[in-house]
2 protein chains.
Amino acid sequence: MRLTPVSYIILGLVRHLGEATPYALKAAAAESVGNLWTVQHAQLYTEPEKLAAAGMLTEEREDAGRRRRTYRITDAGREALDAWLHAPPEGTGETRDPGLLKLFFGADPAQLAPAEVERHERKLAQYEATMAAFGATMPQGPRLALEAGIVHQHTWLAYWRALAGAR
Amino acid sequence: MRLTPVSYIILGLVRHLGEATPYALKAAAAESVGNLWTVQHAQLYTEPEKLAAAGMLTEEREDAGRRRRTYRITDAGREALDAWLHAPPEGTGETRDPGLLKLFFGADPAQLAPAEVERHERKLAQYEATMAAFGATMPQGPRLALEAGIVHQHTWLAYWRALAGAR
DNA sequence: GGGTACATGTAATCAGTTACATGATTTA
DNA sequence: TAAATCATGTAACTGATTACATGTACCC
């Protein structure tokens with residue numbers, strides 16, 4: 001089985017949580033790694049199943065009630081995750097910002113900028129609140145990623161504010 | 001037909017070029033909008049065909065030799081593109097940086113940072129060379145997008161350099 | 001006990017990717 | 001004229017998205 005970034009996200013989250021249902025993964029991803037790499041709701045159900053079939057996770061299912069599936073990481077999963085973490089990153093990051101794409105093709109900066117400024121202000125405030133509340137107790141990885149988010153939001157803000165001001 | 005970002009990229013490039021073969025689109029995308037939103041080689045053949053079927057482009061084909069297809073934008077295509085440009089951007093940008101994803105899940109910053117620094121240095125140098133050479137004559141949209149690329153590369157550089165230095 | 005939010009899943013589709021295959025032109 | 005490169009395309013696959021469908025727990 002070919003592992004994708006989403007596979008590693010799920011392996012990483014399950015390892016961190018110890019055990020997790022798809023819904024727990026959804027919640028965990030939403031306010032952490034989801035800011036960096038979105039994972040679709042449906043994938044949180046289909047991908048763990050594939051990973052379990054490949055021996056990277058174990059799956060345990062309730063007999064009654066919601067018949068929830070609970071996943072745990074296996075040694076094989078841990079090894080795959082570690083191997084990925086130690087390998088150099090494949091490919092380069094992409095911006096993929098819909099607003100910037102429109103700007104490229106000639107959209108009016110003054111029309112785009114106010115909404116973008118507001119979006120980035122909100123995001124920045126959210127990141128900084130998280131940092132203030134949990135920064136001291138977060139594991140290093142997520143904290144560094146959060147810091148990256150913060151500096152980028154600052155960059156975006158300065159960029160769009162300049163476009164909102166200039167006319 | 002549902003138009004995707006890639007559809008609009010092709011419409012935008014064809015409008016700008018006046019007429020274009022898939023190969024011309026490939027060349028045009030490579031060093032401009034491709035830095036912002038990558039488009040797959042195969043899509044440059046399949047997507048214009050779909051757009052032509054939808055009446056957004058016209059397709060003209062050589063009878064002999066390479067039987068190249070040449071596309072031009074139609075009024076319907078122009079309208080669709082303008083409508084998209086005037087509509088507020090749907091969705092928010094994502095970072096999707098493989099290196100940062102690894103950092104999030106606990107990869108060693110000191111191991112990742114040097115390669116990342118080098119990557120971003122290269123990219124920044126490339127952007128700045130383009131800006132120096134063509135900045136004055138580029139249309140506003142692409143120039144603004146290029147500026148965004150430059151400020152982001154600066155941000156990334158500072159970020160990874162700090163991680164390379166700290167131990 | 002009725003409504004609402006939370007939670008769990010599956011089916012179908014499609015955009016995007018990968019892999020394959022070949023033709024035309026240029027250059028040595 | 002052989003090799004290399006430029007150029008053009010298609011087929012098959014699959015990761016991701018969308019849409020649908022329903023069940024369970026909680027609160028009033």
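Lettering follows sequence order; numbering is per chain, from 1. Everything numeric here is computed off the predicted structure, so don't read it as measured data.
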**Report entry** Atom-pair distance (CG on L44(B); C1' on dT8(D)), nearest Å
**Finding:** 11 Å

Requested in this report: Write down the distance between NZ (K50(B)) and P (dT10(D)), rounded to a whole number of angstrom.
Outcome: 13 Å

Requested in this report: Give the rounded distance in Å between these two atoms: CZ of R61(A) and P of dT8(C).
Outcome: 11 Å

Query - Contact residues, residues 35-42 of chain B to DNA chain C [heavy atom, < 4.0 Å] - result: Q40(B), A42(B)

Report summary line: Residues passing the side chain to side chain contact (heavy atoms under 4.5 Å, CB included) test with R61(B), sequence neighbours excluded, are R67(B), R69(B)

**Report entry** Of residues 1-32 of chain B, the positions that come close to DNA chain D - non-hydrogen atoms, cut-off under 4.0 Å
**Finding:** Y23(B)

Query raised in the report: Just to confirm, is there a sub-4.0 Å distance from OP1 or OP2 of dT17(D) to any side-chain nitrogen or oxygen of Q43(A)?
Result: yes

Query raised in the report: Rounded to the nearest Å, what distance is computed from the CZ atom of residue R96(A) to the P atom of nucleotide dA15(C)?
Result: 14 Å

Query - Whole-Å gap separating C1' (dT8(D)) and CD (E60(B)) - result: 17 Å

**Report entry** Set of residues satisfying side chain to side chain contact (heavy atoms under 4.5 Å, CB included) with respect to A158(A), sequence neighbours excluded
**Finding:** none

**Report entry** Listed partners of E31(A) passing side-chain hydrogen bond (donor to acceptor under 3.5 Å, both in side chains), at least two apart
**Finding:** Q126(A)

Requested in this report: Check P48(B) against Q43(B) and note the closest heavy-atom contact, atom names and distance.
Outcome: CD-O, 3.4 Å

Exercise answer: donor-acceptor pairs, residues 140-151 of chain B side-chain atoms, under 3.5 Å, sequence neighbours excluded:
none

Side-chain donor-acceptor contacts of residues 98-116 of chain B below 3.5 Å, not counting sequence neighbours, with atom names and distances?
residue: K102(B); atom: NZ; partner: W84(A); partner atom: O; Å: 2.6
residue: K102(B); atom: NZ; partner: A87(A); partner atom: O; Å: 2.8
residue: D108(B); atom: OD1; partner: A110(B); partner atom: N; Å: 3.2
residue: Q111(B); atom: NE2; partner: H86(A); partner atom: O; Å: 3.2
residue: E116(B); atom: OE1; partner: R119(B); partner atom: NH2; Å: 2.7

Report task. Round to the nearest Å and state the distance from Y45(B) atom OH to dA21(C) atom C1'. Result -> 13 Å

For residues 8-15 of chain B, run the donor-acceptor check on the side chains, cut-off 3.5 Å, and write out each pair with its distance to 0.1 Å, sequence neighbours left out.
residue: R15(B); atom: NH1; partner: D82(B); partner atom: OD1; Å: 3.3

Query raised in the report: Would you find a donor on one side and an acceptor on the other, under 3.5 Å apart, between the side chain of T95(B) and the backbone of L36(A)?
Result: no

Report task. Identify, with sequence neighbours excluded, every residue that meets side-chain hydrogen bond (donor to acceptor under 3.5 Å, both in side chains) alongside R122(B). Result -> E118(B)

Requested in this report: Kindly say if R69(B) contacts the phosphate of dG9(D), meaning a side-chain N or O under 4.0 Å from OP1 or OP2.
Outcome: yes

Query raised in the report: What's the CD-P distance between E49(A) and dA16(D), to the nearest Å?
Result: 16 Å

